Peer 1: 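So that we are looking at the same thing, I have put the structure below in structure tokens.
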Amino acid sequence: MDNILFLKCARQILLANRKKGYTIPGAGIYPFQWKWDSGFIALGLSHFDLRKAMKEMETLFHAQWSNGFVPHIVFHYSAENKNYFPDAAFYHSSLSENANLNYETTTLTQPPVEGWVLERILSKGRHLPEVHDFVKRLFPKVMAQHEYLYENRDPFHEGLVYIQHNWESGTDNSPVWDEIWSSFKVPEYEFSRKDTQVVKEEQRPAKWEYDYYLYLIDLFKKWRYSDVLIAEGSPFLVQDPLFNSMLVASNKSLIRLGEQFGFSQDVKRLERWNMKSVSAFNEKLFDKDAGMYRHFDLRSGKWLDGLTSSGFAPLFAGIPSQQQMKRMLFVLERFSRDGKYFFTPSFDPENDRFESQRYWRGPVWVNMNWLIIEGLKTYGENALARKIKEDTIQMVREQGFFEYFEPDKEKSRKQQFGYGGKQFSWTAALIIDLLNDKL
Ligand code: 9WN
């Protein structure tokens, strides 16, 4: 398939997954609007339809809560999309005093990508007054989200915010959580899995893991979703390198946008937050021996076990020094097993718990590759960025616009398809961006 056709397919996927004012991540498996998916999707849309890109973000922020919190799923229910669990009834978001009662949403959030997405949308429509108006309208909302995070998710005022649930990380069943799950017991929940009706069981999290995911939400319900009580009592409280990298990258974008659009008071606050975040990041989350960023468990007071592709995300936010970045390149190359694996497995392939087709326990994800490529470019590491870009394009071209992919090149050659959901929106959106990139 030549590039023109490939691009056309990618656009068609985005348009086919588009609903009224937002885009679903993938038909069948993810029938609503997801927070960080919308960011990547808006970026893809911005290459050919700026209005739709802006609308995607506006729709997401309509569901923002009174305290600035942005939920990770907005359940835009209709007659045909009841097939997702846990649903709005399970979350019961109105238990929170901050919930937005006009929308049915979850009570968890996802990586704060919106600041840098706004800046990229602006770069595509710098000459258009409606894009300027859009940025001016959205800026205070994104700012309110950052304020929520710094004020409610950083109990020790370190400059690093915590996630309170694995679903907030975006990397749902990463092996790094195993250690936390093994530290407490949960009841067995009875429910019908909707995801495994659409995707093979061996490509999704296990049932026992879902029990933990549901238990945490039940616990939060008892506390009426109070962040104070969650921080005091929940067994899951993690400073995640991917989540915090997205926050820093968005801080930086908001600082530039704020200077340009006259939000000077906000710029001062953002600069203060950001300086603290970057230095805490390097002091606390960088493992000098491994040459890599790690997840920090606030409950046990130590790093979680295992290296993940989330540990490369600080490159995107310009957090590592030149020297740290060079150390990370060795890890990145090791993850590819001398070119035998596609860049970049989501979990360390030399770790016993690596599973090449189970979701975030090994497979390659296009959004993580995209973040790494963009990060490497800012460090001038164009040759490696190009290799990862070529791998990403080849993988999707050969196997289709799947949700995630087999890392082992040999194994992948023998099978025709990727893993997880088909016609997946962010895979399409980011392929559009990569194909338009001059690298
Ligand atoms: C739970 C939508 C989302 C992504 C996440 C990905 C997956 C959901 C699920 O799908 O999570 O949020 O049901 O498995 O892990 O990153 O945003 O694409």
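Just so it is clear, the model here is predicted, and its values are computed rather than measured. All ligand and atom numbering here is 1-based and tracks the order in the structure.
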Peer 1: Please list all pairs meeting salt bridge (Lys or Arg N to Asp or Glu O under 4.0 Å) that have one or both residues in residues 15-31, counting only residues at least two apart or in different chains.
Peer 2: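 Only R18-E56 qualify under salt bridge (Lys or Arg N to Asp or Glu O under 4.0 Å).
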Peer 1: Relative to the ring of F354, is the ring of Y341 parallel (under 30°), tilted (30 to 60°) or perpendicular (over 60°)?
Peer 2: parallel
Peer 1: Within 45° of the ring axis of Y359 and under 6.0 Å from its six-membered ring centre, is that where the NZ or CZ of R204 lies?
Peer 2: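 Checked: cation-pi criterion met.
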Peer 1: Counting heavy atoms not belonging to N3, are there more than 12 under 6.0 Å from its CG?
Peer 2: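 Yes, CG of N3 has more than 12 neighbouring heavy atoms, counting only those of other groups under 6.0 Å.
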Peer 1: For ligand 1, run through the N/O pairs with the protein that fall under 3.5 Å and put one pair on each line.
Peer 2:
{"from": "ligand 1", "atom 1": "10 (O)", "to": "Y30", "atom 2": "OH", "distance (Å)": "3.4"}
{"from": "ligand 1", "atom 1": "11 (O)", "to": "D172", "atom 2": "OD2", "distance (Å)": "2.7"}
{"from": "ligand 1", "atom 1": "11 (O)", "to": "Y359", "atom 2": "OH", "distance (Å)": "3.3"}
{"from": "ligand 1", "atom 1": "12 (O)", "to": "W34", "atom 2": "NE1", "distance (Å)": "3.0"}
{"from": "ligand 1", "atom 1": "12 (O)", "to": "H72", "atom 2": "NE2", "distance (Å)": "3.0"}
{"from": "ligand 1", "atom 1": "13 (O)", "to": "Y84", "atom 2": "OH", "distance (Å)": "2.6"}
{"from": "ligand 1", "atom 1": "14 (O)", "to": "D172", "atom 2": "OD2", "distance (Å)": "3.1"}
{"from": "ligand 1", "atom 1": "14 (O)", "to": "R204", "atom 2": "NH2", "distance (Å)": "2.9"}
{"from": "ligand 1", "atom 1": "14 (O)", "to": "Y359", "atom 2": "OH", "distance (Å)": "2.4"}
{"from": "ligand 1", "atom 1": "15 (O)", "to": "G170", "atom 2": "O", "distance (Å)": "3.2"}
{"from": "ligand 1", "atom 1": "15 (O)", "to": "D172", "atom 2": "OD1", "distance (Å)": "2.9"}
{"from": "ligand 1", "atom 1": "15 (O)", "to": "D172", "atom 2": "OD2", "distance (Å)": "3.0"}
{"from": "ligand 1", "atom 1": "15 (O)", "to": "Y359", "atom 2": "OH", "distance (Å)": "3.2"}
{"from": "ligand 1", "atom 1": "15 (O)", "to": "W360", "atom 2": "NE1", "distance (Å)": "3.0"}
{"from": "ligand 1", "atom 1": "16 (O)", "to": "W36", "atom 2": "NE1", "distance (Å)": "3.1"}
{"from": "ligand 1", "atom 1": "16 (O)", "to": "G170", "atom 2": "O", "distance (Å)": "2.7"}
{"from": "ligand 1", "atom 1": "17 (O)", "to": "W36", "atom 2": "NE1", "distance (Å)": "3.0"}
{"from": "ligand 1", "atom 1": "17 (O)", "to": "D37", "atom 2": "OD1", "distance (Å)": "2.6"}
{"from": "ligand 1", "atom 1": "17 (O)", "to": "Q110", "atom 2": "NE2", "distance (Å)": "3.0"}
{"from": "ligand 1", "atom 1": "18 (O)", "to": "D37", "atom 2": "OD2", "distance (Å)": "2.6"}

Peer 1: My understanding is that only residues two or more places apart in sequence, or in another chain, count here; which of them pass salt bridge (Lys or Arg N to Asp or Glu O under 4.0 Å) with R294?
Peer 2: D287
Peer 1: Please, which pairs that meet salt bridge (Lys or Arg N to Asp or Glu O under 4.0 Å) have at least one residue in residues 57-70, sequence neighbours excluded?
Peer 2: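 Listed once each, the pairs are E58-R137.
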